[in-house]
Amino acid sequence: MKPEDQESTNVATLDPGPDKIIGPGHDYGTVTDEISGVVLRPFLKTPPQMFIGFAIAFILVNLLMVAVTWLFVRGVGVWGITMPVAWGFAIVNFVWWIGIGHAGTLISAILLLLKQDWRTSINRFAEAMTLFAVACAGMFPVLHLGRPWLAYWLLPYPNTMWLWPQPRSPLIWDVFAVSTYATVSIIFWFTGLIPDLATMRDKAGNATTRKIFGVLALGWRGSAKHWARYQKAYLLLAGLSTPLVISVHSVVSFDFAVAILPGWHTTIFPPYFVAGAIYSGFAMVLTLAIPVRRWYHLEDLITMRHIECMSKVMLGTGLIVAYGYAMEAFMAWYSGGQFERYAFVNRMWEGGYWWTYWILILCNIAIPQLLWSRRVRMSIPAVFVIALIVNVGMWLERFVIVVTSLTRDFVPSSWGTYYPTIWDWSTYLGTIGVFLCLMFLFIRGLPAISIFEMREVVHHNAESEHAHRD
Amino acid sequence: MTKDSPQYWRSLEELAQTEEFRAFVEDEFPNRTPDWNDPTSRRRFLTLMGASIALAGASACTVQPKEMIVPYVRQPEEFIPGRPLFYATSVSTAGIATGLLVESHEGRPTKIEGNPLHPSSLGATDATMQASVLTLYDPDRSQTVTRNGNISGWGSFITALTEARDAAGLKQGAGFRLLTGTVTSPTLAAQIQDFLAGFPAAKWHRYEPCGRHSVRAGAVAAFGQPFNTIYRFDRAAVIVSLDADFLGPSMPGNLRYVRDYSDRRRAAAENATSPPPRLYVAEGTPSITGGMAEHKFRMRTSEVEAFAASLAQELQSPSSESSPDVRALAQDLSAHRGAAIVVAGDHQPSNVHVIAHAINQMLGNTGKTVVYTDPVEAGPIDEVASLTELVNDMRSGEVETLLMLGGNPVYDAPADLNFLQELKKVKTRAHLGLYSNETAAWCHWHIPEAHYLEAWSDARAYDGSASIVQPLIAPLYGGKTPHELMNALTNQADRSSHDTVRDFWRTQHPAQDFDEFWQISLHDGLIAGTTFIEKIPPAVRPAALSVARVTGLEIVFRPDPSVGDGSLSNNAWLQEMPKPQNKMTWDNAVWISPTSAQKYGVTTGDVIEIAFEGRKVDGPVWILPGHADESLTVHFGYGRTRAGKVANAIGFSAYALRTTAAIWHGSGAAFTRKSSGYPFATTQHTQTMEERDPFRAATFDEYHQNPEFANPEDKHVSPETTLFPMWGYEAHKWGMSIDLTACIGCQACTIACQSENNIPVVGKAEVAKGRHMNWLRVDRYYEGSLDDPQVSYQPVPCMHCENALCELVCPVAATVHSAEGLNEMVYNRCVGTRYCSNNCPYKVRRFNFFLYADWDTQSLFGARNPDVSVRSRGVMEKCSYCVQRINTAKIESEKQDRPLADGEIVTACQQVCPAQAIVFGDLNDPNSRVSKLKRQQRNYGLLEELNSRPRTTYLARLRNPNPELEKG
Amino acid sequence: MLTATKNPGQHPRVYGLMAEFDAPEPLLEAARRAREEGYRNMDAYTPMPIEGLAEAIGFQTNWVQRLVFVAGVLGGTGGFMLCWWMSVVAYPHIVAGRPLNSWPAYVPTTFESMVLVACLTAVIGMLALNGLPQHYHPVFNVPQFARASRDRFFLCIESTDPKFSFEETRAFLEQLQPRGVMEVEP
C-alpha cells in the first residue's frame, strides 16, 4: 500500500477560502495521507520551526524544574505572597490555564452537538491543547500548598486517623471538578484517536511504529457494529462533557464567589468565568493553530473558514465577558455595600494595581472589537495578534480578581501589597514551557487532525455534490 | 570554682542526678502512673532526659538552685509532672522593681506574669518584662569570665581584683572606683556602704542612661531634698501631663498608674454617677499617654516649660491675655482642687518639676492625689554629674581601678564625655554584665552577670516597698551577681548572694520568727512593712525660670518605645514588637512632623545626617503625625556594635548626639538629606479608617444621650438573622470583651501572647513583606488633622466567629469549631492552602511561609511553653483563646469535682493587661464578668454586619473632652 | 477455530469471504443484498462510520446508552452519599455554624462524580462491547484490508454463517461488482 501514499499526497495545499472547510480535490486517500504524513514523515523532515520552538519550550521546562525545586526546599515564602495577599500567581495561573483548557472540550463536545462541521479539523488539536492546559493548571493547586507533600489529604481516602475532607469547601469541589475534567478530557481525546491510530498502524512504514500504533489502536478494525457503538459512546461523551465543561469553570469561580471577600463575592462569576474560559481557550487555539497550519502546510484543512469562525466565537464570548465586567461594577455600585463599592474604586483607581484593570479592559474588551470587521477576521496576522492580546488580557483579569481584591479588604489596618518574585515568574513561564513541549510532541507524534472525521467530511461533500447534480 | 557553678561530671549516671530525673527513675513501676500513658508526660520524660543529659553540656539548664526557693502556689509534696509552678520574684527597670510571678515548667522559667500582691504590678506587666524571659535563654549572653578577651576563671579574677583593691587600700582606696546604675537594692547598697567604710577614699559613681535625672533635680530644687513623688490617679478627676508619659513604660510605677487611671475610666463608663477623669497632655513627641489624652497640646518639648509657667501664672492670677487653652486648663484645675494632678515628665528639665510641685501644692493636691516619700534609690545623687566626675578623674589619671557593676557607658554615656577615650587611661578595668558588650570590649576583665531569673537579690518599687529577687534556675552560664562581686571586694568571695541577701534582711528583721518572715516574703514576693510612709514636704521654693527663648531646630532624646535604653536590644521579641506610635519594627527612626517634613523637603524613608553640637549621625526619617513642628525625636537603643546577633548594626545610635547639657533635648540641631528609600518594616500601612468604623468612639455625654451609638441600625444583626438553626454550645461558650475605653495601646498583650504561644520571630525582611506572626495585633488609627490627629488603639485577636468564614473554605477541616465555640486550628491537619486567611475579614490568621520557628538553637527551647505546639513550615496559625489555659482550668475543676469559677481562666493577653481592658469568660454564665460587659450598650462586634457572629466584641471608646476647648 | 462448513474437507478452512469496494454506497447496497440473501454472520469494515450500515448487516440493540444511564445515576448518588457520610457520619464537626448535612454544598461534588462515572462507563463499556482491545483478528490476514482504515470498504461474510458455502457465497459476492473477493485466513 506504500506506493500511493507518496503520489497521492500531492494535492494542491492551497486555502480554499472562507466558505470551504476543506481544500478542493481531496478524497478519502488524500486527507488520510496528508494528515498522517505529518506524523509519518522522517524525523529530519520536521520543519525547523518545530525544533526551535521545542528547544525554547524545553529551556522553560528546566526553568520550572529549578523554580519548583527551590520552592520545595524553602517553602512558599519564596513567592511574593504574604498577608493579606495569601494567593498570588499560583492561583492566577491555575485559573488562566483551566480557562484555556475549556476550548477543546467545548469545540469537540458542544460544536459536535450543534453539528458544526467546521469543528472537525481543529477539534483533535483543541482537545490536546485542553489536556496540556489542564495538566499545567493541575500543577498549581499542589505547588501553592504550604505543605505540598500532603496534597493527597484533599482526597477522600480511608486512613488510620479516620480524617476526611470537608466537602463544603470550594477547594474540594475543585478537586472533584478538575480531576473529573482531566479524566474525561483524556478519554474523550483518546476515544477520538482510536480509529486514527488504526490508520497510523496500517500506514506505518517501519515495524516499531506499527507496533506502537498497533497497541494504541487496541485492534480497531472499523467494523460497522463497532462504529455504531463508537458513535453512540462518542455522542454520550459529548453530551456529558457539555455540562461538565460549564460546571468546571463555574466551580473554579466558586473558589472566589463563595468567599466573602469584596471583589470575589459575586453571583455573576460562574457564567462570566465560563465565557471568559471559552474566550481565552479560542484565543489559545488560534495562537497555536495559525503557526502550525503554516509550518505543515495544512492551509487546505485548517481553512480561513475555521479562522473566521473562531474569531467570531472569540468576539461573541468577549462580549459576554464585557457584560460580566459591566454587571460586576454595576452591582457593586447598585448594592450600595460600602465594602463592595470600595473594592471597585480600589480596582479602578485607588489601589496600586489600577493600571492592571485598565490594561485588562483594553486587551479583553477594546481591542477585540476589531473583529467586527471582516477584513480583520480575514487577516491572519491581525487575528494572531488579537488572540495573543486576549491571552494576556485574560491572565490580567485573573490577576485583578485574585490579587487586587485581596490587597484591600475589610479592616484597613491589615491592607497590604503584593510583589511577584522571580520565582513567581519562573513558575509561570515554566508551565508555558511544559504546555508548548507537550504540544510540539503531540503535533509530531499523533495525527493532529481527526482523519476519519475528515473522511466523513469528504463523504458528505461528495453526497451534497450528488444532490446538486440531480 | 564555687559551689553554685555547675559540677563537672564524670559519667552520664552522675550527670543525670537532677531531682526530677532521680524521682523518675526511683519510681519502681513508671508505667503504673496514669500520667505516664498520656503523651504529654511521655514527652516530659524526654524533656527530662534531654534536660539532664544533653543540656547538661550547656551547663545543666534544669538544675534548680540548691537554696530553698518558695513557690507562689502551694508547694506540692513531690514534683508533679507537667504542672507548672509559680514563683514570686521581681525585675528592675532602671533600678526600680516590679513584682513578678514567673511560671516554671520542670525547672525552666517560661512565662512572666505580674504579681497581684505587688503594688506596682497588681498582676500586670509590660512588654519589656514579658520579653525578659527570652533574654535569659539568649545564646548571645556572655558565658565565661574573660581577661583581655581570652577565657579566664572567676578565681583568677578574684585574685586580680583583690590585688587591685589592696593596692588601692594603701591609699584609703583612692583610685578605686565603682560604677553602677541606679541602685535601689538595700542589700547591695549596704554592701557598697561597708566597702566604702573600709576604703573611704574609694568612690561610688552612678549612671543610669535613661534614669530620673531631672526628677531628682526637680525635687531637690523644690524641696531641698530628693523626695520621691507618687501619683494617685484613682483619685484624680483632672490630670495635666507636662510631657509626662505616666502610662508608658519609661516612668516608674506606670503599670500601677495605668491600672488606677483605667479603673476610673471603666467605672465612669459603667455607671453614669462616677465622673470620668479628664486628661490634658502637653507634649512634643507623641507618647502612649498623649494617645489617651482628651486634649493634647502639641508643642515642642522645650516649650513645655514655658507652657507650665504660664499655667502656674494663670492659676495664681487669671488674666485675659493668656491663651484659651491655658485658661480652660486653669479653670478646670481650680474647679477640681485636691482632685487634680499635674505631673511633670521624667524627661523635662527640673524647672518643670518645680512648677508641677508648686501647682500641686497650690491646688492642695499634695497628700491627696500627689504623695511624697523618701527617695526610692540608695544615696540619691546627680548621676550625670557623678559620671562626669568619674570621667574627669579618669582623664587626670586618678582612677586606677574601675569596677562596673552592669551598665554599658562606652555605648550610652553622653557623647561629650568621650567616655571610651578616658576609660582607656584606667589601669584595671572590670565589667560585670549580661552581655559582653561595647564596654566589656574595652575592659581587662569581663564577668558574665546572672540574669534576674538566675539571681538572688532585692530591690525597691516606685513606692519604696522592697521585694526579693529569687532565682528560678541556676545560672545558665555561671553568671555572677553584683552581691557576689561586692563580697569578693570585702574578702568573702565564697559567700553566696543568697546568704548575703538573707543575712541583710535578718539584720532588718531580727525577730525570732525570721524564717517564717523570710518564707512569707519569698512567697508573696514582697517584704511586709517596707512601703515608705508619706512625707509632708516643705513649701516649694519658686523656680528660677529660664526665660531663654528656644530657637532653631530642636532635637529630643527618648528611650526607644520597644527596646528602651538599649540594654534589651538583643531581644528579638522586642525588636519585632511594633512600636505603638508608628507600628515600625526592627529600627529606630528620626521622627518629624508632617509640616516640618514638608518644610525641610524630607519624607519617610529619607536618610538624613543630623548635626548637633558638632557631632553627626545618619538616620532614616519617619513622618509622624502629632509630632511637634521644628523638632526631631531620636530614640536610644539602636546602633549597637556588640549587642549580639539580633541587634548588631541595626538602626543608629542616638547616644552619639547626646550631651550632658542636652540630656533629654536640646536646640540648634541641623540636618541634611543624604539618600532616600530606606526600607522600613512596619506592620500597618494604612493609617486611617477609610470612612469605616472598626473603632467606634463617643464622648461620655453623647453616650448617655444615645447609648446605642456603637450599634447603628445598618451594622447590627439580630440573632434571628440566620438561614439555619445556630449551634447550642451547652457546656461552655467562651467569649472575650475588649474595652477600648481602657486600652492604652501599649502592646504588652502582643508580647505576652508571643511568649505564651511560642510565636516565632520572622525578622525584618519578612515583616517588611507583611509576614509578621503576632496573633494579637494592636491596630492604630488616626482621625482628624494630619498635624495633630486623634489616635485610637484597637487590639485585634481572633474573633472566634460562630459562623467562622475560615472554616467554611478549609478543604481538610483543619480549622473547625469546638463544642465550646472555639475556632480551633488543627496544625497537624493543615496543608496550607491559605484560603482561610483570604476569607477571614479580620485578617487575624498568620501563616508560616517558611520554617519560622527556631528548631536549631538549643538554648531557646527552654523559653518555649510546653503546653503549646511549635508550628512548622507551611501551616496556618492564629489566636486560640489560650486553649491550653482553658483546658488546664477545666481539668483542675474536674479533678476537684466543682464547676469552673468565673475568672479562673485568664488568657495571656488578659493577664498582662495593665488597663484590664481584656476580659475572657463563659457567655453561658449570665453573671460572668464578660457577660456583664457584653450587656453594656456600648458593646459592638467588629464587622457584625457580615453575620459572622464574633465571640470577641469591643466596648466602644468613651472620651471626656472639656466642652470649653471643644467649642474652640 | 474450526468453522463448520457444509461439506468440510472439500475446501480450505476459512474465516470467511471478503469483498472490497471503492465507496460506501456499493458496500451499503451489498450489505443489504447479502441480508436479503439470508446471510446473518457478516460484518462490514469501513474507514469511517457509514450511516445505516450497521442496521444493514443486522445490528439491532445498542447497549451503550443504557449502561451510561445506570452509571450516571450510581455515580451521582455515590457522590452525594460520600459528602453526606463524610460530614455527618465519619467526621462530624461544627463548620462555619452550618448544619452537619448542609446538602446544597454537596451538589457540585454530586454532579462531578456523576459525570465521571458515566463517561468512564461510556468508553469502557463501548470497548468491552466491541471486544476491544483485541490482539488478533483474521480479517487482518487479508493484505488489502490495510486500506480499510484509509479509503476502502469491505464486506465479510463469515464461514460460521449457516448459509455459508464457499462457492455460492463467493459467487454471490462476485456479482456485487466488488474490486475483488478475498478469502480470509482463520
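Just so we're on the same page: letters track the sequence lines, and every chain starts at 1. These numbers come from the heavy atoms of this one structure, side chains and all, not from hydrogens, waters or symmetry mates.
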| request: Among C:Ile57, C:Leu53, C:Leu129, C:Val68, single out the residue with the greatest number of heavy-atom pairs under 4.5 Å to chain A. | output: C:Leu129
| message | I'd like to know which of C:Ala56, C:Cys156, C:Pro49, C:Cys119 tops the heavy-atom pair count under 4.5 Å against chain A. | response | C:Pro49
| request: Determine, step by step, whether C:Glu112 and A:Val251 satisfy the side-chain contact (heavy atoms from CB on, under 4.5 Å) criterion, reporting the C-alpha distance in whole Å, the side-chain angles of both residues, the deciding distance to 0.1 Å, and the verdict. | output: CA-CA 10 Å; C:Glu112 301 298 340; A:Val251 166; 4.1 Å; yes
| Heavy atoms from other residues, nucleotides or ligands near CD of C:Glu51 exceed 12 (cutoff 6.0 Å) | no
Tell me which of these, [options], has more heavy-atom pairs under 4.5 Å with chain C than the rest.
{"options": "A:Val184, A:Leu244, A:Thr191", "answer": "A:Leu244"}
{"options": "A:Phe190, A:Trp220, A:Phe188, A:Tyr181", "answer": "A:Trp220"}
{"options": "A:Gly219, A:Gly222, A:Ser169, A:Gly239", "answer": "A:Gly222"}
{"options": "A:Pro165, A:Ala228, A:Ala177", "answer": "A:Ala177"}
{"options": "A:Glu456, A:Lys232, A:His226", "answer": "A:His226"}

In Å, rounded to the nearest 0.5 Å, how long is the span from [atom1] of [X] to [atom2] of [Y]?
{"X": "C:Met114", "Y": "A:Ser247", "atom1": "CE", "atom2": "OG", "value": "9.0 Å"}
{"X": "A:Arg221", "Y": "C:Tyr45", "atom1": "CZ", "atom2": "OH", "value": "5.0 Å"}
{"X": "C:Glu55", "Y": "A:Lys225", "atom1": "CD", "atom2": "NZ", "value": "12.0 Å"}
{"X": "A:Leu240", "Y": "C:Leu120", "atom1": "CG", "atom2": "CG", "value": "10.5 Å"}

With a 4.5 angstrom heavy-atom cut-off, which part of [X] approaches chain A: side chain, backbone, both or neither?
{"X": "C:His137", "result": "side chain"}
{"X": "C:Trp63", "result": "neither"}
{"X": "C:Phe69", "result": "neither"}
{"X": "C:Leu127", "result": "side chain"}
{"X": "C:Phe154", "result": "neither"}
{"X": "C:Leu82", "result": "side chain"}

In terms of heavy-atom proximity below 4.5 Å to chain C, should [X] be classed as side chain, backbone, both, or neither?
{"X": "A:Leu236", "value": "side chain"}
{"X": "A:Ser223", "value": "both"}
{"X": "A:Leu163", "value": "both"}
{"X": "A:Glu453", "value": "neither"}
{"X": "A:Thr180", "value": "both"}

Using atom types as modelled and distance alone, determine if a side-chain donor or acceptor of [X] lies under 3.5 Å from a backbone N or O of [Y].
{"X": "A:Trp227", "Y": "C:Thr46", "answer": "yes"}
{"X": "A:Arg168", "Y": "C:Leu100", "answer": "yes"}
{"X": "A:Arg455", "Y": "C:Asp151", "answer": "no"}
{"X": "A:Trp173", "Y": "C:Ala105", "answer": "yes"}
{"X": "A:Thr199", "Y": "C:Ser149", "answer": "yes"}

| task | Tell me, with the steps shown, if A:Gln166 and C:His93 meet side-chain contact (heavy atoms from CB on, under 4.5 Å). | result | CA-CA 9 Å; A:Gln166 199 273 99; C:His93 275 297; over 6 Å; no
| task | Kindly give the heavy-atom pair with the smallest separation between A:Phe452 and C:Pro47, and that separation in Å. | result | CB-O, 3.6 Å
| Of all heavy-atom pairs between C:Tyr91 and A:Trp164, which one has the smallest distance, and what is that distance? | CD2-O, 3.4 Å
| said: Does A:His459 form a side-chain contact (heavy atoms from CB on, under 4.5 Å) with C:Glu25? I'd like the steps, not just the answer. | reply: CA-CA 10 Å; A:His459 180 49; C:Glu25 294 79 11; 3.4 Å; yes
| request: Check the pair A:Tyr234, C:Met126 against side-chain contact (heavy atoms from CB on, under 4.5 Å), reporting the backbone distance first and the verdict last. | output: CA-CA 9 Å; A:Tyr234 200 70; C:Met126 179 267 286; over 6 Å; no
| task | May I ask you to test the C:Trp84-A:Pro167 pair for a side-chain heavy-atom distance under 4.5 Å? | result | no
| field | Minimum side-chain heavy-atom gap A:Tyr28-C:Pro24 below 4.5 Å | value | yes
